[in-house]
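Each remark here refers to the structure printed beneath this line.
Just so it is clear: chains get the letters A, B, ... in the order the sequence lines come, proteins before strands, and each one is counted from 1. Everything numeric here is computed off the predicted structure, so don't read it as measured data.
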Amino acid sequence: MSEPKKGPLYISNTLTRKKEEFVPLRPPHVGLYVCGPTVYSDVHLGNVRTFLSFDTVYRWLTFLGYKVRYVRNITDVGHLVGDVDEGEDKIAKRARLEQLEPMEIVQKYTNGFHDVMRLFNILSPSIEPTATGHLIEQIGMVERIIASGYGYEANGSVYFDVPRFAEKHAYGELSGRRIDELLSNTRDTEGMEEKRSPLDFAIWKKAEPQHLMKWPSPWGEGFPGWHLECSAMSTKYLGQTFDIHGGGMDLKFPHHECEIAQSVAADGHAPVRYWMHGNMLTVNGRKMAKSEGNGFTPEELLTGNHKLLEKGYSAMTVRFFMLQSHYASTLDFSNAAMQAAERGLERLMAAMDLLDQLKPGASDGADIPALEQRCYDAMNDDINTPVMIGELFEGVRIINSVNDGKVSLTPSSLVKLKDLMRSMVHDVLGLQREAAKASDDGAMDGLVQEFIRMRAEAKARKDYAAGDAIRDRLAALGIILKDTKEGTTWSRA
RNA sequence: GGUCGCGUGGCCGAGGGGCUAGGCACAGCUCUGCAAAAGCUGCUACUGCGGUUCGAAUCCGCACGCGACCUCCA
């Protein structure tokens with residue numbers, strides 16, 4: 001048995017549509033950028049999935065030994081609202097509704113976002129830059145785009161000249177679009193009359209007098225365009241070319257396509273070497289989205305207080321549920337699937353609880369290095385968490401068998417098993433025992449122990465009816481008794 | 001309408017030319033006073049129709065069904 005090898009990592013590059021070996025630009029450093037939330041409302045579970053997917057990428061890169069700079073932005077400059085409130089800033093709109101300052105809205109939902117990230121044990125990025133904090137950089141980028149000839153001013157706004165850019169560069173490469181097809185498919189959008197081509201997009205937008213979030217610029221009072229912040233901030237913190245850019249599938253076009261165009265126009269470099277796109281969370285086969293009314297917030301999820309939820313589910317259950325599918329596949333939410341995940345996670349965590357009490361033996365009844373290698377291989381194959389979880393359940397079987405005395409492991413193999421299970425389950429998958437149930441104080445335990453003792457006495461005199469009655473009544477209260485060789489243990493249902 | 005993708009067992013979900021994925025559920029067995037837990041065993045599937053191949057769930061074509069993007073969206 002040779003020592004398990006940690007690399008190399010292969011990831012599906014959505015730019016080339018191929019699985020490629022990941023080779024960082026400047027090892028051991030890795031630059032990772034992920035498009036963060038727009039903080040004008042609560043995040044829903046679909047948003048969580050994307051951040052969880054890239055949390056896993058971040059954790060795995062870190063596990064492989066890379067020094068990762070993970071940048072995930074906060075979009076706190078509103079994007080334009082499409083139909084009803086033409087030209088109005090999303091955040092400003094919300095602010096008027098709630099009689100709050102725009103930055104108050106931003107703060108409120110940023111806090112909420114952070115709470116959700118913590119709830120799901122999603123790690124903080126290395127840098128979390130805000131769009132409003134990088135106006136200088138964004139204005140600078142607009143200037144560079146104008147200087148390169150791919151941006152033009154019109155009535156206080158600045159637009160990106162897509163057809164001109166496409167003459168010399170591959171606009172549409174990422175999303176598989178073609179200029180002529182796009183042109184035949186255009187709809188009327190805001191600012192149409194100022195644009196030279198319907199494909200052009202705003203990189204700086206003139207603010208109307210009533211607009212709340214606006215800043216001075218060489219083109220007058222305004223605010224940065226839809227796609228600019230990510231380009232400006234990724235360039236600032238990761239360089240003109242960096243390793244990995246992630247985001248939800250729905251951002252591929254136009255957002256990421258525009259990012260590429262902006263960077264190429266401004267600095268002459270394709271910004272990203274590996275593009276990764278997480279797929280959507282669906283409900284009854286349909287994308288979870290605010291507009292569909294099929295989204296629920298983490299709070300509704302936890303309490304089960306939503307018409308789509310039969311009951312509440314813990315954050316860790318959701319995390320496990322999501323990790324059981326590949327990040328690039330759509331994942332359908334259903335109560336049946338959640339309940340299956342709940343039970344599966346419980347079995348996994350119960351085995352983790354046994355780890356400390358396992359006793360080593362004289363021989364090896366299981367090949368731990370082989371298991372370890374299979375775990376690494378799964379993750380190195382495009383972050384295949386479902387396959388790794390499958391392997392971890394092999395670990396669960398070994399743990400339980402060792403605990404039952406049916407399988408023996410030498411001291412060194414046992415240490416390897418513990419290290420492997422802990423690093424994969426806790427560090428890589430980010431699964432933790434839920435703390436909620438641990439709030440019992442000593443009195444509670446003492447009380448239950450008293451019942452356990454009464455039941456033991458009943459059992460000792462073969463009064464099983466009385467013993468079972470105690471167990472049943474406690475069960476009705478949510479206290480589960482388990483008879484083991486070492487005595488009776490209890491837990492909450 | 002255009003582009004891309006998907007269709008796997010009772011359910012969820014990997015895989016993706018020959019090799020048991022895994023989880024949940026269900027059934028049987030072992031262990032238990034009985035439960036529970038755990039272990040073992042069983043249930044062995046790839047939308048349909050053609051084609052390529054010694055061999056196809058996996059490749060190709062067509063059909064049907066579904067979805068995403070084309071507009072803010074994770």
Side-chain angles (χ1 to χ4, degrees), chain A residues 17 34-38 40 43-54 75 78-83 90 172 175-178 180-182 184-190 226 246-255 277-282 285-292 295 320-321 324-326 328-348 350-351 354 374 378 381 384-394 396-397 399-401 403-407 459 462-465 467-468 471-472 475 480-485 488-489 491:
Chain A
R17 294 168 185 77
V34 171
C35 293
T38 304
Y40 65 93
V43 290
H44 64 235
L45 217 55
N47 304 315
V48 170
R49 187 183 183 206
T50 295
F51 299 125
L52 170 62
S53 295
F54 290 102
T75 296
H79 290 171
L80 294 172
V81 173
D83 9 282
K90 256 184 193 170
S175 54
R177 313 283 152 149
R178 289 174 39 189
D180 48 341
E181 284 169 355
L182 286 168
S184 64
N185 259 320
T186 50
R187 307 184 195 180
D188 286 356
T189 51
E190 208 271 329
W226 314 347
M249 204 78 119
D250 48 358
L251 295 182
K252 212 166 165 185
F253 188 89
H255 186 62
H277 287 94
N279 218 321
M280 300 293 105
L281 179 70
T282 60
R286 299 201 167 266
K287 176 182 171 182
M288 184 181 279
K290 285 224 166 58
S291 52
E292 295 267 351
F320 182 74
F321 164 72
Q324 270 190 300
S325 78
H326 187 74
S329 301
T330 55
L331 172 63
D332 197 52
F333 182 94
S334 71
N335 283 278
M338 285 302 297
Q339 275 152 40
E342 194 169 51
R343 302 293 293 275
L345 176 64
E346 177 50 36
R347 192 156 85 88
L348 175 62
L354 292 175
R374 290 200 302 276
D381 184 12
N384 199 326
T385 52
V387 168
M388 175 154 93
I389 288 172
E391 299 298 344
L392 292 178
F393 274 99
E394 172 64 18
V396 167
R397 205 167 293 117
I399 290 167
N400 287 326
S401 295
N403 187 241
D404 288 348
K406 289 173 181 159
V407 166
K459 281 168 67 178
K462 304 261 191 248
D463 186 355
Y464 293 119
D468 289 351
R471 185 172 61 194
D472 293 346
I480 307 300
L481 299 188
K482 240 189 255 183
D483 296 335
T484 71
K485 286 191 216 85
T488 302
T489 62
S491 61

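Atoms CG and NZ, on A:Asp332 and A:Lys287 in that order, are 14.5 Å from each other to the nearest 0.5 Å. Summarising the geometry, atom CD belonging to A:Glu391 is positioned 4.5 Å from atom CZ belonging to A:Arg374; distances are rounded to the nearest 0.5 Å. The line from NE2 of A:His255 to CH2 of A:Trp226 is 12.0 Å long, rounded to the nearest 0.5 Å.
The side chain of A:Lys406 lies closest to B:A38 when the candidates are B:A38, B:A74, B:G13. Picking from B:G39, B:G13, B:G67 the nucleotide with the shortest atom distance to the side chain of A:Asp404 gives B:G39. Listed nucleotides B:A21, B:A38, B:C70 differ in distance to A:Pro386; the shortest reach to its side chain belongs to B:A21. Comparing atom distances between the A:Asn400 side chain and each of B:C24, B:C70, B:A38 picks out B:A38 as nearest. Distance from the side chain of A:Trp226 is smallest for B:C72 among the nucleotides B:A38, B:C72, B:A25. Here the nucleotide nearest the side chain of A:Asn47, chosen from B:A74, B:A37, B:G22, is B:A74. The listed nucleotides are B:A14, B:A36, B:A74; the one nearest the side chain of A:Thr38 is B:A74. Listed nucleotides: B:G2, B:C12, B:G13. Nearest to the side chain of A:Phe321: B:C12. Taking the side chain of A:Ala336 as heavy atoms from C-beta on, and the options B:C24, B:G2, B:C11, the nearest nucleotide is B:C11.
Taking atom NZ of A:Lys252 as the reference point, atom C1' of B:C69 lies 9 Å away to the nearest angstrom. One interatomic measurement links the two molecules: CZ of A:Arg374 to C1' of B:C19, which rounds to 14 Å at whole-angstrom precision. Between the CZ atom of A:Arg397 and the P atom of B:G22 there is a distance of 7 Å, rounded to whole Å. When the C1' atom of B:A14 is taken as reference, atom CZ of A:Phe393 falls 14 Å away, rounded to whole Å. In this structure, the CG atom of A:Asn279 is 12 Å from the P atom of B:G13, given to the nearest Å. Rounded to a whole Å, the CD atom of A:Glu346 is 12 Å from the P atom of B:A25. For the pair A:Leu331 CG and B:C6 P, the computed distance is 16 Å after rounding to whole Å. Look at CG on A:Leu345: it is 14 Å from P on B:G23, rounded to the nearest Å.
Across all strands shown, the partner of B:C24 is B:G10, judged by Watson-Crick or G-U wobble contacts whose two distances both fall under 3.5 Å. Base-pair partner of B:C31: not found among the strands shown (Watson-Crick or G-U wobble, both distances under 3.5 Å). Across all strands shown, B:G5 is found opposite B:C66 as a Watson-Crick or G-U wobble partner, with both distances under 3.5 Å. Applying the Watson-Crick and G-U wobble criteria (two distances, each under 3.5 Å), B:U44 pairs with nothing in any strand. As the counterpart of B:G61, B:C49 is assigned, both hydrogen-bonding distances of the Watson-Crick or G-U wobble pattern falling under 3.5 Å. Partner assigned to B:C73 is none, using Watson-Crick or G-U wobble distances below 3.5 angstrom.
One N or O donor and one acceptor, one from the side chain of A:Asp483 and one from the base of B:C34, sit under 3.5 Å apart. Residue A:Lys287 places a side-chain atom within donor-acceptor reach of the base of B:C73, judged by atom type and a 3.5 Å distance cut-off alone. In the interface, the side chain of A:Asp468 is paired with the base of B:G33 through a donor and an acceptor atom under 3.5 Å apart. On a pure distance criterion of 3.5 Å, no polar donor-acceptor pair joins the side chain of A:Arg49 and the base of B:A74.
Nucleic acid contact for A:Leu481: base, since at least one base atom lies under 4.0 Å from a heavy atom of the residue. Within the 4.0 angstrom heavy-atom criterion, no nucleotide atom of any strand lies near A:Leu392. Residue contacts shown for A:Thr484 are absent, as no nucleic acid heavy atom lies under 4.0 Å away. Using a 4.0 Å heavy-atom cutoff across all strands shown, A:Lys462 reaches no nucleic acid atom at all. Across all strands, A:Arg471 comes closer than 4.0 Å to base atoms (heavy-atom distances). A:Phe253 comes within 4.0 angstrom of the backbone, heavy atoms only, and of no base. Among the protein residues, A:Met288 comes within range of the nucleic acid bases, having at least one heavy atom under 4.0 Å from a base atom. Within 4.0 Å (heavy atoms only), A:Asn403 reaches no atom of the nucleic acid at all. Using a 4.0 Å heavy-atom criterion, one finds that A:Arg177 contacts the bases of the nucleic acid, with or without backbone contacts as well. A:Gly176 comes within 4.0 angstrom of sugar-phosphate atoms only, judged by non-hydrogen atoms across all strands, and of no base. At the heavy-atom level, A:Met280 lies under 4.0 Å from base atoms of the strands shown.
Between the side-chain ring of A:Phe51 and the base of B:A74, no stacking contact exists by the 5.5 Å and 30° definition.
If you take atom P in B:A57 and the same atom in B:C49, they sit 12 Å apart, rounded to whole Å. For the P atom pair drawn from B:A37 and B:C26, the interatomic distance equals 10 Å after rounding to whole Å. Annotation: B:C64 and B:A25 have their C1' atoms spaced 30 Å apart (nearest Å). Spacing between B:A35 and B:U41 at atom P, rounded to whole Å, works out to 22 Å. Nucleotides B:G61 and B:C6 have their P atoms positioned 13 Å apart, rounded to a whole Å. The gap from the C1' atom of B:C24 to that of B:G16 amounts to 24 Å, rounded to the nearest Å. If you take atom P in B:U44 and the same atom in B:G10, they sit 9 Å apart, rounded to whole Å. Rounded to whole Å, the separation between the P atoms of B:C19 and B:U32 comes to 40 Å.
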- Item | Chi angles and distances behind the salt bridge (Lys or Arg N to Asp or Glu O under 4.0 Å) call for A:Arg397, A:Glu394 | CA-CA 5 Å; A:Arg397 205 167 293 117; A:Glu394 172 64 18; 2.8 Å; yes
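One finds a side-chain N or O of A:Ser329 lying less than 4.0 angstrom from the OP1 or OP2 phosphate oxygen of B:A14. Side-chain nitrogen and oxygen atoms of A:Arg178 include none within less than 4.0 Å of the OP1 or OP2 phosphate oxygen of B:C4. Note on A:Arg347: every side-chain N or O is 4.0 Å or more away from OP1 and OP2 of B:A37.
Using a 3.5 Å distance cut-off with no hydrogens or angles, the side chains of A:Ser329 and A:Asn279 do not pair a donor with an acceptor. Using modelled atom types, one finds no donor on one side chain facing an acceptor on the other under 3.5 Å when comparing A:Thr488 with A:Arg471.
A cation-pi arrangement is absent between A:Arg347 and A:Phe393, since the terminal nitrogen or guanidinium carbon is not both under 6.0 Å from the aromatic centre and inside a 45° cone about the axis.
Both A:Gln324 and A:Ser401 lie near RNA chain B, and the one whose nearest nucleotide falls closer to the 5' end is A:Gln324. With RNA chain B read from its 5' end, the first of the two nearest nucleotides for A:Ser334 and A:Glu391 is the one closest to A:Ser334.
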